[in-house]
Protein chains: 2
Amino acid sequence: MLAQSNPHIMLPILPGMTQFPARGAATPPMDQVCFFPAGSEIYAQGEKAVGLYQIEFGAVRVYRLLADGRRQISAFHLAGETFGFDASARHHFFAEAITGASIRIFATTGRIDMSRELLPLALRSLTRAQEHLLVLGRQNAIERVAAFLLDIADRQGGAERIDLPMSRTDIGDYLGLTIETVSRAFSKLREKGIIRLCGVRCVEIVKLGALRKMNE
Amino acid sequence: MLAQSNPHIMLPILPGMTQFPARGAATPPMDQVCFFPAGSEIYAQGEKAVGLYQIEFGAVRVYRLLADGRRQISAFHLAGETFGFDASARHHFFAEAITGASIRIFATTGRIDMSRELLPLALRSLTRAQEHLLVLGRQNAIERVAAFLLDIADRQGGAERIDLPMSRTDIGDYLGLTIETVSRAFSKLREKGIIRLCGVRCVEIVKLGALRKMNE
DNA sequence: CGTGGTGTTGATTACTTTCAAGATGTGTGG
DNA sequence: CCACACATCTTGAAAGTAATCAACACCACG
C-alpha cells in the first residue's frame with residue numbers, strides 16, 4: 001500500500017500548523033489549523049464550547065460514555081466535514097482524533113452572528129443522527145454494517161474502494177455491536193461476494209446493489 | 001381520572017382553530033393553529049417542507065419506515081415543543097399526531113431570516129437525537145424504558161406522575177424494542193418497586209434515584 | 001524474530017423476539 | 001346501566017440473534 005493517502009502515517013507538522021495538545025496550552029488556539037495526533041482528545045464532555053471544527057484531513061470520533069465504560073460513538077467525521085454541534089454552552093460529548101488529524105477551529109462565540117451559515121450544517125448533523133437511530137433501533141448486525149459501509153463509501157466520494165480509518169472497536173461502538181459481531185458481519189458479506197477485504201481496513205464494494213437492498 | 005388534562009379526549013374545534021386534514025386542502029394553512037385528530041398525518045417523508053411546528057397541546061411522533069414496515073420513531077414531541085427540523089428542502093421523516101393535537105405552523109421559507117432563533121432549537125433536537133443514540137446502541141431493554149420514563153417525566157415538568165400519550169407499540173418503536181419487551185420491562189420495574197402503574201398509560205415514579213442510577 | 005495490538009473464528013450463554021393465549025380496558029349499543 | 005366487541009396490553013414458552021468467553025491468526029514494530 002502506498003503512502004499517498006494512508007492516514008495512519010504521521011505527517012510532519014507543516015509551516016503554519018500548530019500541534020495540539022501543546023505544552024502549557026489549556027485549549028487549542030483559535031482560527032487556525034491544529035494537528036491532533038491519533039487518539040488525542042479534541043474536546044471533552046462538560047468542556048466549555050468555543051467554536052466549531054472543520055477537518056482538513058484525518059478522521060474524528062464523537063462519543064459518549066456510560067458509567068460502566070460502555071461507549072456509543074454518535075458520529076464519525078471525515079476530511080471536509082464540520083463538527084462540534086453537540087453543545088449549547090458546554091459540550092455534551094467527547095471528540096477524539098482517530099488518525100492524526102489536521103483541524104481548523106472556528107470561533108463562534110462573541111463574534112458576528114453566524115447562524116445563517118451554521119443552521120444548514122447543524123441540520124445535516126441532525127438528519128444524520130436521526131437516520132442512524134433507524135439503524136440502531138431497527139436493523140440487525142449485518143444490515144448495520146451494510147449501512148455503515150454505504151455511508152462511508154458515499155462520504156469518501158462514492159468509489160468502490162473504501163479506506164476505513166477506524167478500528168473494529170470503533171465500528172462496533174458506532175453500530176451498537178461488539179467487535180466480534182462486526183467481524184462476523186464483515187466475513188458474511190465477504191462470503192456472499194458482496195464485499196472484498198483488501199487488508200483489515202480496506203474494503204472493496206463488489207455488489208453495491210445488494211448492499212443497498214439491505215437498507216431500504 | 002378527571003378530564004382536566006387528559007389528551008385522549010377529543011376537544012371541540014375552538015374559534016380561530018382550523019381542523020386538518022380538511023376537505024380540498026392540500027397542505028395545512030400557515031401561521032395559525034391547526035387541529036390534527038389522533039393518528040392523522042402532519043407531514044410525510046419526501047413532502048416539501050414549509051415551516052416549523054409548535055405544539056399547543058397534544059403529542060406527536062416523528063418516524064421513518066423501512067421497506068418491510070419496520071418503524072423507528074426518532075422522537076416524541078409534547079406540548080410546548082417545536083419540531084420539523086428533519087428537512088432541508090423536503091422532509092426526511094413522517095410526523096403524525098398521537099393524540100388529538102393543536103399545532104401552530106410557522107412559515108420559514110421566503111421570510112426574513114430566522115436562523116438566529118432556529119439554531120438553538122435545532123441544536124436541542126440534535127442533542128436529544130445523539131443522546132438517544134446512546135440508549136439504542138448501548139442500553140438493554142430495562143435501561144431503555146428507564147431512560148424513556150425519565151425523559152418524559154422531565155419534559156412533563158418533573159412531577160412523579162407521568163401521563164403517557166403513546167401506546168406500547170409507539171414506545172417500542174421509539175426504543176427499538178417489541179411491545180412485549182416494553183411490557184415486560186414495565187412489569188419488572190413495577191416488581192422492583194421503582195414505578196407504580198396507575199392505569200396502562202399512567203406511571204408513577206416511586207424511586208427516582210433507582211431509575212436515574214440505571215442511566216449513568 | 002519475538003512482542004503487543006488488532007482482528008477472526010468457534011462454542012456457549014444471555015437477552016430479545018416471536019408465537020400464542022389470556023387479561024384488561026374502552027367504546028358502543030341494547 | 002350493563003353486556004358485548006374490539007383494541008390494547010400482559011404473560012408464558014420456544015426460537016433466534018448477538019454477547020461473552022476463549023483460542024488463534026495477522027500485522028506492524030522494535
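Letters A, B, ... mirror the listed sequences (proteins, then strands); counts begin at 1.
- Applying the 4.0 Å criterion to OP1 and OP2 of dG7(C), one finds that Arg201(A) has a side-chain N or O inside that range.
- Within the nucleic acid shown, Gly176(A) comes within 4.0 Å of sugar-phosphate atoms alone, with no base atom in reach, counting heavy atoms only.
- Between Arg90(B) and Glu47(B) no salt bridge is recorded (no basic side-chain N to carboxylate O distance below 4.0 Å).
- Residue Ser183(B) is in base contact, counting any heavy-atom pair closer than 4.0 Å across all strands shown.
- One can place CG of Leu164(B) at 10 Å from P of dT10(D), the figure rounded to the nearest angstrom.
- The phosphate of dT11(D) has OP1 or OP2 within less than 4.0 Å of a side-chain N or O from Ser187(B).
- As a whole-Å value, the separation of Met166(A) CE from dG7(C) C1' is 16 Å.
- Using a 4.0 Å cut-off between charged side-chain N and carboxylate O, Arg138(B) and Asp173(A) make a salt bridge.
- We find that CD1 of Ile142(A) is positioned 9 Å from P of dA18(D), with the value rounded to whole Å.
- Look at CD on Gln139(B): it is 16 Å from C1' on dA19(D), rounded to the nearest Å.
- As judged by a 4.0 angstrom heavy-atom cut-off over every strand, Arg190(A) is placed among residues touching the sugar-phosphate backbone only.
- Each of Phe186(A) and Gly199(B) was assigned the nucleotide of DNA chain C with the nearest heavy atom; the assignment lying further toward the 5' end belongs to Phe186(A).
- Taking the centre of each ring, Phe93(A) and Tyr63(A) stay at or above the 6.0 Å mark.
- Both tests hold for Arg168(B) against Phe186(B): distance to the six-membered ring centre under 6.0 Å, angle to the ring axis within 45°.
- Rounded to an integer number of Å, the gap from Glu180(B) CD to dG16(D) C1' is 14 Å.
- The phosphate of dT10(D) has neither OP1 nor OP2 within less than 4.0 Å of any side-chain N or O from Arg184(B).
- Note on Thr181(A): a side-chain N or O is less than 4.0 Å away from OP1 or OP2 of dA19(D).
- Here the P atom of nucleotide dG5(C) and the CD1 atom of Ile179(A) are 14 Å apart, to the nearest Å.
- When the C1' atom of dG7(C) is taken as reference, atom CG of Leu177(A) falls 16 Å away, rounded to whole Å.
- With rounding to whole Å, Asn140(A) atom CG is found 5 Å from dA18(D) atom P.
- Looking at heavy-atom distances under 4.0 Å, Thr178(A) makes contact with a base.
- Within the structure, every side-chain polar atom (N or O) of Arg138(B) is placed at least 4.0 Å from both OP1 and OP2 of dA18(D).
- Note that Arg71(B) lies outside the cation-pi zone of Tyr174(B), set by a 6.0 Å cut-off to the ring centre and a 45° limit from the axis.
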